[in-house]
Undergrad: 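Sharing a structure, written as structure tokens. Questions coming.
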Amino acid sequence: AYLAYIFQPKIMDNTQTKIIVVGSLSQDMVLCVNYLPTPGETIIASDFKIGLGGKGNNQAIAASRSGVSTYFIGNIGSDEAGKLLKQSLIANCVHTECLYTDSNYGTGLAFITITPDGNNSIIIAPQANNNLKPELIEKSSYIFSGRYILLLQLETPIETSLTAAKIAFSQKQPIILNPAPAAKQLPKELLEIVDFFIPNQSETQILTGIEVTDFNSAKIAAQKLKSLGPKNIIITMGDIGVYALTDDNQEIIKTAYKVSAIDTVAAGDAFCGAFAAHYSQYNSIEPAIDYASCAGALATTKTGAVDSLPYKSEILDYLEKMAKIK
């Protein structure tokens with residue numbers, strides 16, 4: 001009965017809804033440290049790894065691993081990192097015909113430090129991601145057809161995301177915006193056409209000035225965010241859970257799944273990709289939040305970005321396990 005709730009009967013027609021992701025790709029340089037250094041301090045890493053990431057890349061793979069047809073619009077350099085990222089997307093069944101190669105810039109880089117408790121800090125060198133111009137959205141306009149959900153973040157130029165959002169809005173297709181990395185201000189014309197706005201606690205505080213520490217403060221912040229234009233607000237709060245305020249002002253409160261977290265990198269991306277995938281199939285917010293919460297939690301139990309993103313089977317197995325415990 002529980003899984004019937006999470007994956008309820010479809011209420012859409014038989015035309016499959018796809019995911020279109022406009023976003024970033026990066027090669028991740030991961031340093032494992034005992035603690036995050038203070039300004040001016042030099043410390044020695046206990047381990048170093050190279051991986052694949054970028055919020056757009058991660059969210060596209062997360063959606064695809066939940067069994068939904070996913071298309072990616074992005075920009076990579078003509079270097080080995082770019083080739084590896086493209087190969088990874090293809091291996092994860094993401095459509096890459098709109099993944100462009102830039103001869104003027106290298107592939108994006110992310111420098112990540114992770115502590116033993118799973119906390120992290122990240123510095124991004126956008127490179128080719130910053131050259132994902134609106135013209136490339138227009139060049140990719142042929143994939144904006146049929147039923148789809150547009151999934152956006154903020155690691156590529158905002159005018160590019162706005163161009164894509166305007167196309168989706170004109171075609172009456174849902175738009176999801178994950179405002180990461182955080183920005184103090186976003187264009188009003190973008191916020192007013194966003195259907196699902198998904199910030200975490202720190203992003204919410206930067207946008208609203210409200211520190212989110214529990215569901216009560218999340219409610220106040222969500223109301224302020226909603227006044228900016230987005231229809232539905234979904235605030236992810238790590239090991240606290242998720243607070244959502246819907247278009248019709250209904251509250252959804254979801255406490256976090258308790259797992260042994262070792263690395264929080266890409267947990268938010270796992271949530272966004274899984275939410276988009278579930279909502280695209282079942283068109284219902286609360287079950288999609290539950291499914292995505294599980295995906296985000298499972299992502300923290302593995303190291304790395306792409307490597308940590310769970311498959312649909314893993315998510316459903318965990319949900320079934322939790323249902324039996326209840």
Undergrad: Is a side-chain donor or acceptor of Ser64 paired with a backbone partner of Ala60 at a separation under 3.5 angstrom?
TA: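 Pair absent, no side-chain N/O of Ser64 close to backbone of Ala60.
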Undergrad: Between CG of Asn57 and OG of Ser88, what distance do you get to the nearest 0.5 Å?
TA: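 Those atoms lie 6.0 Å apart.
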Undergrad: Consider only side-chain heavy atoms of I, L, V, M, F, W and Y, link residues closer than 4.5 Å, and tell whether Leu191 and Ile233 are in one cluster.
TA: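 Same hydrophobic cluster.
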Undergrad: If you link I, L, V, M, F, W and Y whenever their side-chain heavy atoms are under 4.5 Å apart, who else ends up in the same group as Ile220?
TA: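 Traced through the cluster, Ile220 reaches Ile210.
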Undergrad: Looking at residues at least two apart in the chain, or sitting in another chain, which of them share a side chain to side chain contact (heavy atoms under 4.5 Å, CB included) with Thr204?
TA: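 Thr204 satisfies side chain to side chain contact (heavy atoms under 4.5 Å, CB included) with Pro199, Thr208, Val212, Ala221, Leu225, Ile235 only.
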Undergrad: Give a yes or no on whether Val194 and Val21 share a hydrophobic cluster (residues Ile, Leu, Val, Met, Phe, Trp, Tyr; joining criterion: side-chain heavy atoms under 4.5 Å apart).
TA: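 Different clusters: Val194 never reaches Val21 through Ile, Leu, Val, Met, Phe, Trp or Tyr contacts under 4.5 Å.
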Undergrad: Are Leu31 and Phe111 close enough that some pair of their side-chain heavy atoms sits under 4.5 Å apart?
TA: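 Answer no - side chains too far apart.
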Undergrad: Relative to the ring of Phe196, is the ring of Phe275 parallel (under 30°), tilted (30 to 60°) or perpendicular (over 60°)?
TA: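 The arrangement is perpendicular - the two ring planes meet at more than 60°.
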Undergrad: Report yes if the side chains of Tyr257 and Asp290 come closer than 4.5 Å at any heavy-atom pair, otherwise no.
TA: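 In short, these two side chains touch, coming nearer than 4.5 Å.
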Undergrad: Report the residues that fulfil side chain to side chain contact (heavy atoms under 4.5 Å, CB included) with Tyr311, sequence neighbours left out, ordered by chain and then residue number.
TA: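 Listed in chain order: Arg65, Asn92, Ser313, Glu314.
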Undergrad: Please step through side chain to side chain contact (heavy atoms under 4.5 Å, CB included) for the pair Thr303 and Ile262, ending with a clear verdict.
TA: CA-CA 7 Å; Thr303 59; Ile262 61 172; 3.8 Å; yes
Undergrad: Would you name the heavy atoms of Val306 and Asn58 that are closest together and state the gap between them?
TA: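 So the two residues come closest at CG2-OD1, 3.8 Å.
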Undergrad: Per the salt bridge (charged side-chain N to carboxylate O under 4.0 Å, His left out) rule, what does the pair list look like for residues 55-64, sequence neighbours excluded?
TA: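 For residues 55-64, and leaving out neighbouring residues, the salt bridge (charged side-chain N to carboxylate O under 4.0 Å, His left out) pairs sorted by first residue read Lys55-Asp269.
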Undergrad: Kindly compute the distance separating CG (Asn283) from CZ (Arg147), expressed to the nearest 0.5 Å.
TA: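 Asn283 CG to Arg147 CZ: 7.5 Å, rounded to 0.5 Å.
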Undergrad: Looking at Ser280 and Ile19, what are the two nearest heavy atoms and their distance?
TA: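 Scanning both residues, the minimum pair turns out to be CB-CD1, 3.8 Å.
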Undergrad: Counting C-beta onward and ignoring hydrogens, is there a side-chain heavy-atom pair between Asn34 and Ile43 closer than 4.5 Å?
TA: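 Contact flag for Asn34/Ile43 side chains = no.
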Undergrad: Minimum heavy-atom separation for Ala270 to Ala299, with atom names?
TA: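 Nearest heavy atoms, Ala270 then Ala299: CB-CB, 3.8 Å.
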Undergrad: Would you name the heavy atoms of Thr300 and Val259 that are closest together and state the gap between them?
TA: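 For Thr300 versus Val259, the nearest heavy atoms are OG1-CG2, 3.4 Å.
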Undergrad: For the side chain of Lys18 and the backbone of Ile143, is there at least one donor-acceptor N/O pair under 3.5 Å apart?
TA: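 It does hold such a pair.
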Undergrad: Ile149 and Leu309: same hydrophobic cluster, using ILVMFWY side-chain contacts below 4.5 Å?
TA: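 They do share one cluster, since a chain of ILVMFWY contacts under 4.5 Å joins Ile149 to Leu309.
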Undergrad: Excluding sequence neighbours, so at least two apart, what forms ring-ring contact (aromatic ring centres under 6.0 Å, His included) with Tyr105?
TA: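 Scan of Tyr105 (ring-ring contact (aromatic ring centres under 6.0 Å, His included), adjacent residues dropped) gives none.
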Undergrad: Check whether Ser66 reaches the backbone of Ala63 with its side chain - one donor and one acceptor, N or O, closer than 3.5 Å.
TA: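 No: the side chain of Ser66 does not pair with the backbone of Ala63.
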Undergrad: In terms of ring plane angle, is the pair Phe144 and Tyr148 parallel, tilted or perpendicular, where the classes change at 30° and 60°?
TA: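 The arrangement is perpendicular - the two ring planes meet at more than 60°.
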Undergrad: Group every Ile, Leu, Val, Met, Phe, Trp and Tyr by side-chain heavy-atom contacts under 4.5 Å, then state whether Leu136 and Leu152 land in the same group.
TA: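 Linked, Leu136 and Leu152 end up in one cluster.
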Undergrad: Between OG of Ser217 and CD1 of Ile240, what distance do you get to the nearest 0.5 Å?
TA: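 One finds 7.5 Å between OG of Ser217 and CD1 of Ile240.
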Undergrad: Hey, does Leu89 have a side-chain heavy atom less than 4.5 Å from the side chain of Leu25?
TA: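 With C-beta onward as the side chain, the pair touches.
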Undergrad: Any link between Leu190 and Leu150 through a network of hydrophobic side chains (Ile, Leu, Val, Met, Phe, Trp, Tyr) touching at under 4.5 Å?
TA: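 Looking at the clustering, Leu150 is in the same group as Leu190.
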Undergrad: For a quick test of your reading: what N or O donor-acceptor pairs under 3.5 Å do the side chains of residues 177-185 make, sequence neighbours left out?
TA:
| residue | atom | partner | partner atom | Å |
| --- | --- | --- | --- | --- |
| Asn178 | OD1 | Gln59 | NE2 | 3.0 |
| Asn178 | ND2 | Ile198 | O | 2.8 |

Undergrad: Taking Gln173 for the side chain and Gln171 for the main chain, is one N or O donor matched with an acceptor at less than 3.5 Å?
TA: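 Yes: the side chain of Gln173 pairs with the backbone of Gln171.
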Undergrad: Is it true that a side-chain atom of Ser308 and a backbone atom of Gly304 form a donor plus acceptor pair closer than 3.5 Å?
TA: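 It does hold such a pair.
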Undergrad: Quick one: does any side-chain atom of Asp79 pair with a main-chain N or O of Thr107 as donor and acceptor, under 3.5 Å?
TA: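 Side chain of Asp79 to backbone of Thr107, a donor-acceptor pair under 3.5 Å: yes, one is there.
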Undergrad: Flag the pair Tyr318 / Thr301 as yes when at least one side-chain heavy-atom distance between them is below 4.5 Å, and no otherwise.
TA: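 Contact flag for Tyr318/Thr301 side chains = no.
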Undergrad: Do any pairs count as a salt bridge (charged side-chain N to carboxylate O under 4.0 Å, His left out) and have a residue in residues 23-34, sequence neighbours left out, and if so which ones?
TA: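 Counting only pairs at least two positions apart or across chains, no salt bridge (charged side-chain N to carboxylate O under 4.0 Å, His left out) contact touches residues 23-34.
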Undergrad: Is a side-chain donor-acceptor pair under 3.5 Å present for Tyr35 with Glu41?
TA: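 Looking only at side-chain atoms, Tyr35 and Glu41 do form a donor-acceptor pair, the distance falling under 3.5 Å.
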Undergrad: Would the distance check show the side chain of Ser46 and the main-chain N or O of Cys32 forming a donor-acceptor pair, the cut-off being under 3.5 Å?
TA: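 Confirmed, Ser46 side chain pairs with Cys32 backbone.
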Undergrad: May I ask you to test the Phe72-Thr70 pair for a side-chain heavy-atom distance under 4.5 Å?
TA: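 Side chain of Phe72 against side chain of Thr70, heavy atoms only: no contact under 4.5 Å found.
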Undergrad: Which pairs count as side-chain hydrogen bond (donor to acceptor under 3.5 Å, both in side chains) when at least one residue sits in residues 124-139, sequence neighbours excluded?
TA: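 Non-adjacent pairs meeting side-chain hydrogen bond (donor to acceptor under 3.5 Å, both in side chains): Asp102-Asn131.
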Undergrad: Applying side chain to side chain contact (heavy atoms under 4.5 Å, CB included), can you list everything that pairs with Leu36, at least two apart in sequence or on another chain?
TA: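 Once residues adjacent in sequence are excluded, the partners of Leu36 under the side chain to side chain contact (heavy atoms under 4.5 Å, CB included) criterion are Val33, Thr113, Thr115, Ser121.
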Undergrad: Name all residues meeting the side chain to side chain contact (heavy atoms under 4.5 Å, CB included) criterion together with Ile122; count only those two or more places apart in sequence or in a different chain, and write none if there are none.
TA: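 By the side chain to side chain contact (heavy atoms under 4.5 Å, CB included) rule, Ile122 matches Ala110, Ile112, Asn120, Ile124.
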Undergrad: What heavy-atom pair brings Ala165 and Ile175 nearest, and what distance separates the two atoms?
TA: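 Scanning both residues completely, I find the closest heavy atoms to be O-CD1, 3.4 Å.
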Undergrad: What verdict does the side chain to side chain contact (heavy atoms under 4.5 Å, CB included) test give for Lys86 and Thr96, after you've listed the backbone C-alpha separation in whole Å, the side-chain angles of each residue and the deciding distance to 0.1 Å?
TA: CA-CA 7 Å; Lys86 184 171 184 177; Thr96 59; 3.9 Å; yes
Undergrad: Just wondering, are more than 12 heavy atoms of other shown residues or ligands nearer than 6.0 Å to OH in Tyr100?
TA: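 Result for OH/Tyr100: enclosed.
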Undergrad: Take the angle between the ring planes of Tyr71 and His95 and call it parallel below 30°, perpendicular above 60°, tilted in between.
TA: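 Because their plane-to-plane angle is under 30°, the rings of Tyr71 and His95 count as parallel.
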Undergrad: As an exercise, state the distance from OG of Ser145 to CD1 of Ile20, rounded to the nearest 0.5 Å.
TA: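 The distance works out to 7.0 Å.
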Undergrad: Any heavy-atom pair between the side chains of Asn200 and Glu203 that's under 4.5 Å?
TA: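 When only atoms from C-beta onward are counted, Asn200 and Glu203 do touch, with a gap below 4.5 Å.
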Undergrad: Please list all pairs meeting salt bridge (charged side-chain N to carboxylate O under 4.0 Å, His left out) that have one or both residues in residues 224-245, counting only residues at least two apart or in different chains.
TA: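 Sorted pair list: Asp195-Lys231.
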Undergrad: Applying side chain to side chain contact (heavy atoms under 4.5 Å, CB included), run through Val242 and Ile252 and close with a yes or a no.
TA: CA-CA 8 Å; Val242 179; Ile252 298 172; over 6 Å; no
Undergrad: Scan for side-chain hydrogen bond (donor to acceptor under 3.5 Å, both in side chains) pairs involving residues 161-170, sequence neighbours excluded, and state none if there are none.
TA: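 Passing the test, one end in residues 161-170: Lys166-Glu189.
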Undergrad: With the side chain counted from C-beta on, respond yes when Tyr291 and Gln281 share a heavy-atom pair under 4.5 Å apart, and no when they do not.
TA: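 Heavy-atom side-chain distance check fails, nothing below 4.5 Å.
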Undergrad: Give the intermediate values and the outcome of side chain to side chain contact (heavy atoms under 4.5 Å, CB included) for residues Ile176 and Tyr279.
TA: CA-CA 11 Å; Ile176 300 174; Tyr279 188 81; 5.9 Å; no
Undergrad: Once rounded to the nearest 0.5 Å, what's the spacing between atom CG of Leu52 and atom OG of Ser26?
TA: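 Those atoms lie 8.0 Å apart.
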Undergrad: Mind listing the closest non-hydrogen atom pair of Ala256 and Gly238 along with its distance?
TA: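 Heavy-atom minimum between the residues: CB-O, 3.6 Å.
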